[in-house]
Asker: 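Okay, here's the structure, questions in a sec.
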Amino acid sequence: MKINSIQRDIALKQGGSGFHSGTGKLKEKYSTSADYNNAGYYGSFTGKSKAAVSVLDKILSSSWFGTFSKYAYEHNISTSALIALVLAGMLRPATIMALPGDKDKDDKIYAAGHAMASGIIGFIVSTAITSPFDESIKKVFDGKKFQRGQLKEMTAEIERLEKLKASKTITDEAKKQLKNLTRKRDALNTLVKNIPDWIIGVPRAILTIALIPPILKYVFGMEKKKKASAQKVESPAEKNSAETIKTDFIEKEVFKSFKGGVQ
Amino acid sequence: MYITPLNNIRNGSNYQFGSKIPPVADVKIIKESAKSSTFFKPFTDSYNKFTDFIAEKFTSRFVEWKPLNYLADKLKNSSNLFQHCLTVGSAVTSGLYVQRTLTNKELDPDRRNTLAVNQGLTFAVSTAGAYLLDKYVKGWWDNVTARFAGHLLKDNRFYGKYLKDKEAIIKENKAILKSSAKGSKPELKSLPKINKLVEKHSFYKALDTEAKKVLMSKVKGMSPLRTMIIFGFVYRYFVPVAVTKPANKLCELYLEHKKAKIAQNNSVEK
């Protein structure tokens with residue numbers, strides 16, 4: 001008989017995140033287990049790296065990842081905006097700053113600030129607008145309370161056919177019908193979840209364009225002055241490369257230490 | 001036999017493979033802790049009422065909209081439906097920027113058109129790249145999803161079994177392709193579907209309806225997550241960092257070349 005340590009009880013033992021402790025236990029338990037290796041846990045992620053597999057398992061077994069995955073399924077637009085926030089608001093500014101070229105450092109800082117502001121506005125606007133709709137979509141598809149007409153009939157038919165399938169009395173034709181109906185319902189769900197993105201796309205872009213200058217000015221302390229000779233219009237990401245900027249943003253300590261380029 | 005303190009399963013990451021704790025206990029504890037939270041109750045209640053209102057007055061009617069049902073019917077067999085949705089969303093935004101370029105009075109018509117074509121082409125090429133990358137990553141991501149499902153099902157053999165089945169089908173398909181005549185399209189076996197494997201799993205079958213929905217949402221969320229990351233990477237990182245500048249430089253070179261040609265023609269005419 002094996003009795004796990006009572007110290008694992010989070011009510012008794014303070015400190016240490018579950019993220020590390022839980023997976024550490026997993027590793028401890030299975031690192032020498034033939035079962036674990038036979039199951040293909042090691043050596044199948046990249047084919048080579050045990051460390052990568054271990055990190056991947058830590059992520060996949062964490063509760064936050066499960067929550068995030070569920071959130072991604074239920075809130076497509078908001079999750080897309082969150083990923084855009086990480087990529088455009090963190091990774092892109094870091095890359096812009098790390099790229100070589102000291103001459104246009106001010107431009108780079110402005111472009112980085114621009115990307116951050118754009119990511120933040122996109123995420124806030126998308127989440128604020130679409131979250132209630134996503135919740136309502138979940139209510140319509142998951143419960144019968146708000147269903148009417150075609151969807152109600154479709155759900156009832158799927159339930160009837162699933163009962164037949166469970167009792168193994170389903171015919172081949174009914175099986176095909178069940179597959180078609182389930183697929184149609186899933187497609188409808190995906191479309192309903194994502195069409196709001198098409199609708200809010202234009203106002204969100206206009207709002208982003210309008211809000212970026214004040215955010216850059218009041219949050220990041222940056223201002224831009226247009227060159228008299230500036231003659232071209234570029235994509236949103238490149239918009240600022242032809243403009244000179246006036247900024248006290250770079251005077252901040254954190255950005256003084258930010259050096260780009262190959263040293 | 002394992003005896004695990006009940007509190008241990010409060011933290012999802014603390015579970016163990018092969019644990020004998022009934023899964024329902026996990027759900028019950030979560031439900032109890034949710035019930036005991038009264039601080040946010042007024043907010044959650046009014047938010048619930050608001051979403052009920054939207055569900056009743058808008059969403060339930062929108063779902064019945066005939067063109068939407070027609071579209072769902074036509075696209076139900078598409079394996080790239082979510083990708084198409086993201087593309088349409090990006091096309092709307094890119095279209096707005098193209099329109100702004102085309103109506104920009106500060107630019108001369110020649111530059112205006114060239115820039116608009118540049119923006120349109122950048123969008124088209126990056127979209128094609130996003131689809132390709134998404135397809136390329138899919139096989140690996142499915143393995144990650146199976147691994148994730150194994151953790152959710154608390155079954156350390158699930159992933160290994162999935163890989164084994166997948167490999168066997170790939171081998172079979174290769175053999176079918178080898179033995180088939182050139183030019184013919186033989187019917188290949190489809191790869192194992194993780195959702196179906198989860199549905200057949202004894203752990204999943206033992207769950208109550210609500211817990212089943214939660215688990216399945218987590219597994220189903222992995223596919224859109226992959227597409228979101230790939231499309232987000234291409235549209236929001238790769239294109240602005242690596243494509244836009246070279247594309248604009250090419251655009252400038254083209255305009256200079258065009259100007260030089262016109263100037264040369266004018267001088268020849270004179």
Side-chain angles (χ1 to χ4, degrees), chain A residues 1-4 6 8-11 18-19 22-23 35-36 38-40 44 60-63 66 69-70 72-73 76 79-80 83-84 87-88 91-92 95 132-133 135-137 139-140 146 148-151 183-184 187-188 190-192 194 197-198 201-202 205 232-238, chain B residues 1-5 7-8 10-14 16 50-51 54-56 59-60 63-64 68-69 71-73 75-77 81-82 85 88-89 92-93 96-97 101 104 107 111 115 119 147-148 151 156-157 159-160 163 217-218 220-222 224-225 228-229 232-233 236-237 240-241 244 248:
Chain A
M1 187 169 103
K2 186 175 176 182
I3 300 174
N4 285 333
I6 196 80
R8 303 295 310 166
D9 187 337
I10 56 162
F19 179 78
T23 45
D35 243 14
Y36 195 74
N38 289 343
S44 51
L60 296 178
S61 61
S62 62
S63 57
S69 173
K70 186 171 171 278
Y73 178 68
N76 290 172
T79 314
S80 287
I83 290 166
L87 292 164
L91 201 61
R92 195 160 97 203
T95 313
F133 284 100
E135 204 57 42
S136 74
I137 291 163
K139 284 179 176 174
V140 168
F146 299 105
R148 53 172 87 194
Q150 282 190 68
L151 184 65
R183 280 185 176 178
K184 187 182 172 183
L188 199 60
T190 305
L191 285 170
V192 173
N194 287 284
D197 192 38
W198 311 349
V202 170
K232 61 177 184 177
V233 165
E234 289 155 297
S235 75
E238 272 288 301
Chain B
M1 177 186 162
Y2 289 106
I3 298 174
T4 313
N7 277 335
N8 222 8
R10 275 177 196 269
N11 190 332
S13 58
N14 272 346
Q16 297 172 14
F50 178 55
T51 52
I54 297 174
E56 194 185 341
T59 314
S60 61
V63 169
E64 295 299 312
L68 188 72
N69 274 279
L71 209 61
D73 201 39
L75 296 170
K76 67 175 182 270
N77 292 321
L81 180 58
F82 182 61
C85 287
V88 174
V92 169
T93 317
L96 176 81
Y97 289 118
T101 304
N104 192 331
L107 301 170
R111 182 176 286 273
L115 278 173
Q119 286 171 337
R147 198 179 199 94
F148 176 55
H151 281 290
N156 62 330
R157 290 170 188 272
Y159 175 61
L163 283 186
S217 300
K218 287 177 182 177
K220 280 185 176 175
M222 288 296 280
L225 193 57
M228 284 172 202
I229 293 170
F233 172 78
R236 304 303 298 263
Y237 180 78
V241 169
T244 312
N248 282 345

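Proteins come first, then strands; the chains are lettered A, B, ... in the order of their sequence lines, and each starts at number 1. Because only heavy atoms are used, hydrogens play no part in the values below, and waters and symmetry mates are left out as well, while side chains stay in. Keep in mind the model is a prediction, meaning the values are calculated, not measured.
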Asker: For the residue pair A:Gln150 and B:Glu64, what are the closest heavy atoms and their distance?
Answerer: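 Taking every non-hydrogen atom into account, N-OE1, 2.7 Å.
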
Asker: Between B:Val63 and A:Ile137, does the side chain to side chain contact (heavy atoms under 4.5 Å, CB included) criterion hold? Intermediate values first, please.
Answerer: CA-CA 9 Å; B:Val63 169; A:Ile137 291 163; over 6 Å; no

Asker: Give me the atom names and distance for the closest heavy-atom approach of B:Ile54 to A:Ser136.
Answerer: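 Here B:Ile54 and A:Ser136 meet closest at CG2-OG, 3.6 Å.
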
Asker: Check each atom of B:Phe50 against the heavy atoms of chain A and say whether the ones under 4.5 Å are side chain, backbone, both or neither.
Answerer: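 The side chain, not the backbone.
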
Asker: What's the shortest heavy-atom distance between A:Thr95 and B:Tyr237, and which atoms?
Answerer: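 Heavy-atom minimum between the residues: OG1-OH, 2.6 Å.
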
Asker: Rounded to the nearest 0.5 Å, what's the gap from OG on A:Ser63 to NZ on B:Lys218? Could you check?
Answerer: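 Here the rounded value is 8.0 Å.
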
Asker: Against chain B, work out which of A:Ala205, A:Ala84, A:Pro132 has the most heavy-atom pairs shorter than 4.5 Å and name it.
Answerer: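 Looking at each option in turn, the highest pair count goes to A:Pro132.
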
Asker: With respect to chain A, which residue among B:Asn77, B:Leu75, B:Thr93, B:Leu225 yields the maximal number of heavy-atom pairs within a distance under 4.5 Å?
Answerer: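 Greatest number of close heavy-atom pairs with chain A: B:Leu225.
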
Asker: What's the spacing between B:Arg147 CZ and A:Ser61 OG if we round to 0.5 Å?
Answerer: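 Between atom CZ of B:Arg147 and atom OG of A:Ser61 there are 10.5 Å.
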
Asker: Report yes if some heavy atom in the side chain of A:Leu191 is under 4.5 Å from a heavy atom in the side chain of B:Leu81; otherwise report no.
Answerer: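 Result yes, sub-4.5 Å side-chain heavy-atom pair found.
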
Asker: Heavy-atom cut-off 4.5 Å, strictly under: side chain, backbone, both or neither for B:Leu68 against chain A?
Answerer: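 Backbone plus side chain of B:Leu68, per the 4.5 Å heavy-atom cut-off to chain A.
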
Asker: Using every non-hydrogen atom in the two residues, find where A:Ala72 and B:Met228 come nearest and quote the distance to one decimal.
Answerer: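 Scanning both residues, the minimum pair turns out to be O-CE, 3.6 Å.
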
Asker: Can you tell if the side chain of B:Val88 reaches within under 4.5 Å of the side chain of A:Asp197, non-hydrogen atoms only?
Answerer: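 Answer no - side chains too far apart.
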
Asker: Side chain, backbone, both or neither: which part of A:Lys184 has a heavy atom under 4.5 Å from chain B?
Answerer: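 Contact with chain B: backbone and side chain both.
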
Asker: What heavy-atom pair brings B:Pro224 and A:Asn76 nearest, and what distance separates the two atoms?
Answerer: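 Looking at all heavy atoms of both residues, the closest pair is CB-ND2, 4.4 Å.
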
Asker: Is A:Leu87 close to chain B through its backbone or its side chain, or both, or neither, when contacts mean heavy atoms under 4.5 Å?
Answerer: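 Backbone plus side chain of A:Leu87, per the 4.5 Å heavy-atom cut-off to chain B.
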
Asker: Shortest non-hydrogen contact from B:Cys85 to A:Asn194?
Answerer: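 Closest pair (atom of B:Cys85, atom of A:Asn194, distance): CB-CB, 3.7 Å.
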
